[in-house]
Amino acid sequence: MNQVWNIARKELSDGLRNRWLLAISVLFAVLAVGIAWLGAAASGQLGFTSIPATVASLASLATFLMPLIALLLAYDAIVGEDEGGTLMLLMTYPISRGQILLGKFVGHGLILALAVLIGFGCAAVAIGALVEDIELNLLVWAFGRFMLSSTLLGWAFLALAYLLSSLVSEKSSAAGLALGVWFLFVLVFDLVLLALLVFSEGKFNPELLPWLLLLNPTDIYRLINLGGFDGGNAIGVLSLAEDLPVHGAVLWAGLLGWAGAALLLAWAAFRRRAA
Amino acid sequence: MNAVDIQGVSLRYGKMTALRQLDLHLEEGEVLGLFGHNGAGKTTTMKLILGLLTPSEGQLRVLGQAPNDADVRRRMGYLQENVMFYPQLTGRETLHHFARIKGAARQQADQLLEQVGLAHAADRRVKTYSKGMRQRLGLAQALLGEPRLLLLDEPTVGLDPIATQDLYLLIDQLRQQGTSVILCSHVLPGVEAHINRAAILAGGQLEAVGTLTSLRTGAGLPSRIRATGLKQREQVLQSFSSLNGNARPLGGDGIELTGSAATKMSLLRQLLDRDQPGDIDILQPSLEDLYRFYTERASRARAAEDKA
């Protein structure tokens, strides 16, 4: 456990030193505050509208951002150390590959969690303090859920980044693959699902389709954050999920399962990597 | 207990054999030079000892245990070729990071920075380091803890002559403390005096191993005796050619005699009987000569094997 922390603290201090943590936190805070007060500008309103609308807009944005940031943070975790020669050196030390991987996950995971907490947390505090007649309970509940699920989404994509970083032998291929993974889960997956729905002309078992959303962590994330408010906000492929007879706990378990499964796959790939 | 025991170890990747039937032993406090051309199997041998590769067949014990044992790794140091380290960390931070993982004290890390001559640059980022400075940092890293076995891969690359000399002195010092060292390299000039034995690898096979003296005997390469300041050079030359000795003139008043290691002393005696030279140099076959002899013999043997 100690060895895990030795690796984690290096990643954490790297994140502080190259100002990743600062940059992501500021980005999150600016986006959250901006969306809270200017999000309704399109519909001719200015100022804070409602908590559900704010969280829904934030979640739509974070669906794109969180995976991208996580992939950028971690895509070179393994292959980068290999290119610098330090991976081979570490492997001659009394530390296992599992400890190296877990240490990186803890370090990067903490950076993401802290950035979410600082960035979105500041925005929540600002809304609570500046907006009159705000329902504090709803604010804490909605933002807490949003922040926790955002962190989990980030962790799932961290683990995916380690997986592809363990599989490739050059940093540039890892970067390319990371972009591909982002594209696949954030954009392509929903389009394919919709296409399937349209072209199957109803032959596809409609009860099965909503479950396919669980195969994409970003869809699980959106389901967690868009559900639970009165009045359906769901649009596009997510409206499928209105028929989904699943409890919120299943969605949370799904997101957690994604992070865990990807990390296990990354570990398996890392173990097979030649020294 | 031997520091390293390798018995009949082979390593194959599919059809390719990287290492064939290797037998090699390293005693405590012994310095072994491991020489060979590119792809001869030096790095493979190192990686086997480090536990990064598993032999296809054969027995391998390091410090009496399996090489990938965590306890063995704490007592082993490795300097690898061309480590870049973490460019954004300072030298001191880098060494502290590795010290924590190896379970060594921070003070030792700071002392080692001083010892390898990096104290003045310890708080600069590694990305500003020259190749030689990174090499020193790598050496400091290998010395963390109390290594009983040191594996140094091309340790003098990028070091200036003085730093190279310092490195050899350090190796002598470690040997006296009972640390075993494996120096892995293409041929290193000036390393002869600092190794107990040399092992020469070629094409994945151990061609020769032994002390320099035994390697010289085995190779039968001639030694050369150079004498200058002779008073009667022509007579001396004539007497040696009538003796069937291999003699040739050298400079204005010198002579060069060539003979095997066995006849070297008698040639010298005869020379001193015949004249009083002002100066004498005895040129033994150097490590480079031995290396060339054994690797060429290996490639000839392989060529013959291919024909058959």
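Every heavy atom of this structure was used, including side-chain atoms; hydrogens, water molecules and symmetry mates were not. Bear in mind the structure is a predicted one, so any value in this text is a computation, not a measurement.
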> Between B:L144 and chain A, which part of the residue has a heavy atom less than 4.5 Å away: side chain, backbone, both or neither?
Replying inline: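 Just its side chain gets close to chain A.
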N/O donor-acceptor pairs under 3.5 Å from side chains in residues 84-100 of chain B, not counting sequence neighbours:
residue: B:Y86; atom: OH; partner: A:E81; partner atom: OE1; Å: 2.9
residue: B:Y86; atom: OH; partner: A:E81; partner atom: OE2; Å: 3.3
residue: B:Q88; atom: NE2; partner: A:D14; partner atom: OD1; Å: 3.3
residue: B:Q88; atom: NE2; partner: A:D14; partner atom: OD2; Å: 3.0
residue: B:T90; atom: OG1; partner: B:E93; partner atom: N; Å: 3.1
residue: B:T90; atom: OG1; partner: B:E93; partner atom: OE1; Å: 3.4
residue: B:R92; atom: NE; partner: B:D123; partner atom: OD1; Å: 3.0
residue: B:R92; atom: NH1; partner: B:D110; partner atom: OD1; Å: 3.0
residue: B:R92; atom: NH2; partner: B:D123; partner atom: OD2; Å: 3.3
residue: B:E93; atom: OE1; partner: A:R17; partner atom: NH1; Å: 3.4
residue: B:E93; atom: OE1; partner: A:R17; partner atom: NH2; Å: 3.1
residue: B:E93; atom: OE1; partner: B:T90; partner atom: N; Å: 2.9
residue: B:E93; atom: OE2; partner: A:R17; partner atom: NH2; Å: 2.9
residue: B:T94; atom: OG1; partner: B:T90; partner atom: O; Å: 2.8
residue: B:H96; atom: NE2; partner: B:D110; partner atom: OD1; Å: 3.1

>> Ring-plane angle category for A:F157 and A:F185, please: parallel below 30°, perpendicular beyond 60°, tilted otherwise.
In response: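 Geometry flag for A:F185 against A:F157: perpendicular rings.
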> In terms of heavy-atom pairs under 4.5 Å, which option from A:L89, A:L90, A:N18, A:I95 contacts chain B the most?
Replying inline: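 Looking at each option in turn, the highest pair count goes to A:L89.
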>> Let's test your reading of the structure: which of B:N68, B:L151, B:I101 forms the most heavy-atom pairs below 4.5 Å with chain A?
In response: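 Of the candidates given, the most pairs with chain A belong to B:I101.
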>> How long is the straight-line distance from CG of A:L101 back to OG of A:S166, given to the nearest 0.5 Å?
In response: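 Here the interatomic distance stands at 6.0 Å.
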>> To the nearest 0.5 Å, what is the distance between CG on B:L139 and OG1 on B:T156?
In response: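 Answer for the CG-OG1 pair, B:L139 versus B:T156, is 11.0 Å.
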